[in-house]
Amino acid sequence: GAVVSQHPSWVICKSGTSVKIECRSLDFQATTMFWYRQFPKQSLMLMATSNEGSKATYEQGVEKDKFLINHASLTLSTLTVTSAHPEDSSFYICSARRAGTGSSPLHFGNGTRLTVT
Amino acid sequence: DAKTTQPNSMESNEEEPVHLPCNHSTISGTDYIHWYRQLPSQGPEYVIHGLTSNVNNRMASLAIAEDRKSSTLILHRATLRDAAVYYCILRDAIETSGSRLTFGEGTQLTVNP
């Protein structure tokens, strides 16, 4: 079946540094990828929607200069948390959507646990 | 986005059936009903989806009300590994590049041994 690979699965970084998270669709072309953030005991919160070859669309309240998203190819999207602070510590999850319709399942990465010290 | 509402939590015993409800009273005619579940510290995984007719797969069954304003995910024999948060979401059949995908709070399913 279709697989979305997210890397790294966990990362610890110091405050002020930047962290890059990769999301790859392994056996299909993902025209759209979604990035979510999830705090403990809460639901997934959509951060941004990225379409291949164009700028990401960010949700209200999400700083685009802080959370840089690049979707340069149909199989890879990256989220860079710039100048990370402890409040950015969270579980980040990507999801890839095949080109097509809402009748096809969504595929999710296994998430990245970011801890900023 | 069409909104869905689910109970915050449900409890079941192992090897018994579980019926997880979802209300989506503002569903449009082209919305598919999708179910995903999320185990602790993992990304969500696809469970099942449907449009109008009931659906069965190896994981679960999906019962869709005739007016499509509600649906029920059925786990026929719950196991301890089914303990997860279950999300019901709606996806338009014709998604554009700008279509957002948001999640509600989901239902935390606890399975007792």
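By convention in this document, chain letters (A, B, ...) are assigned in the order of the sequence lines, proteins followed by strands, and residues within each chain are numbered from 1. Note that these values count all heavy atoms, side chains included, but never hydrogens, waters or copies made by symmetry.
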Task: is_close_aromatic(B:Y36, B:Y87), centroid dist under 6.0 Å - done: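 Here the rings of B:Y87 and B:Y36 have centres that are no less than 6.0 Å from each other.
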Toward chain B, the part of [X] with a non-hydrogen atom under 4.5 Å:
| X | value |
| --- | --- |
| A:Q6 | neither |
| A:E52 | neither |
| A:L44 | both |

- [ ] Could you have a look at B:G104, B:G50, B:G43, B:P44 and say which one has the most heavy-atom pairs with chain A under 4.5 angstrom?
- [x]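 If we count pairs closer than 4.5 Å to chain A, B:P44 comes out on top.
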Report, one line per pair, each donor and acceptor closer than 3.5 Å where one atom sits in a side chain of residues 58-75 of chain B; sequence neighbours left out.
{"unit_1": "B:S61", "atom_1": "OG", "unit_2": "B:N56", "atom_2": "OD1", "d": "2.5"}
{"unit_1": "B:S61", "atom_1": "OG", "unit_2": "B:H76", "atom_2": "NE2", "d": "2.6"}
{"unit_1": "B:D67", "atom_1": "OD1", "unit_2": "B:K69", "atom_2": "N", "d": "3.0"}
{"unit_1": "B:R68", "atom_1": "NH1", "unit_2": "B:D31", "atom_2": "O", "d": "3.0"}
{"unit_1": "B:R68", "atom_1": "NH1", "unit_2": "B:L51", "atom_2": "O", "d": "2.4"}
{"unit_1": "B:R68", "atom_1": "NH2", "unit_2": "B:S28", "atom_2": "O", "d": "2.6"}
{"unit_1": "B:R68", "atom_1": "NH2", "unit_2": "B:D31", "atom_2": "O", "d": "3.1"}
{"unit_1": "B:S71", "atom_1": "OG", "unit_2": "B:H24", "atom_2": "NE2", "d": "3.0"}

Open item on the list: Are there over 12 heavy-atom neighbours, none belonging to A:H7, within less than 6.0 Å of that residue's NE2?
Closed with: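 Check fails, neighbour count at 12 or below.
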Open item on the list: Quick check on A:K66: does its NZ atom have over 12 non-hydrogen neighbours (other residues, nucleotides or ligands) under 6.0 Å away?
Closed with: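 Yes, NZ of A:K66 has more than 12 neighbouring heavy atoms, counting only those of other groups under 6.0 Å.
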Open item on the list: Using heavy-atom distances under 4.5 Å, tell me whether B:Q38 contacts chain A through its side chain, its backbone, both, or neither.
Closed with: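 Side chain of B:Q38 only, per the 4.5 Å heavy-atom cut-off to chain A.
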Open item on the list: For B:S41, which atoms come within 4.5 Å of any heavy atom of chain A: side chain, backbone, both, or neither?
Closed with: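 For B:S41, backbone and side chain are both near chain A.
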Task: Inter-residue atom distance A:I21.CD1 - A:L79.CG, 0.5 Å rounding - done: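 It comes to 5.0 Å.
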Open item on the list: For the interface with chain B, which of A:L46, A:N110, A:L106 has the highest count of heavy-atom pairs at distances below 4.5 Å?
Closed with: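 Sorted descending by pairs with chain B, the first entry is A:L106.
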TODO: Considering only heavy atoms and a distance below 4.5 Å, find which of A:Q42, A:R113, A:E59 pairs most often with chain B.
DONE: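 Counting heavy-atom pairs under 4.5 Å, the top option is A:E59.
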Task: Plane angle bin for B:H34 and B:H49 - parallel if under 30°, tilted between 30 and 60°, otherwise perpendicular - done: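 Parallel: the ring planes of B:H49 and B:H34 meet at under 30°.
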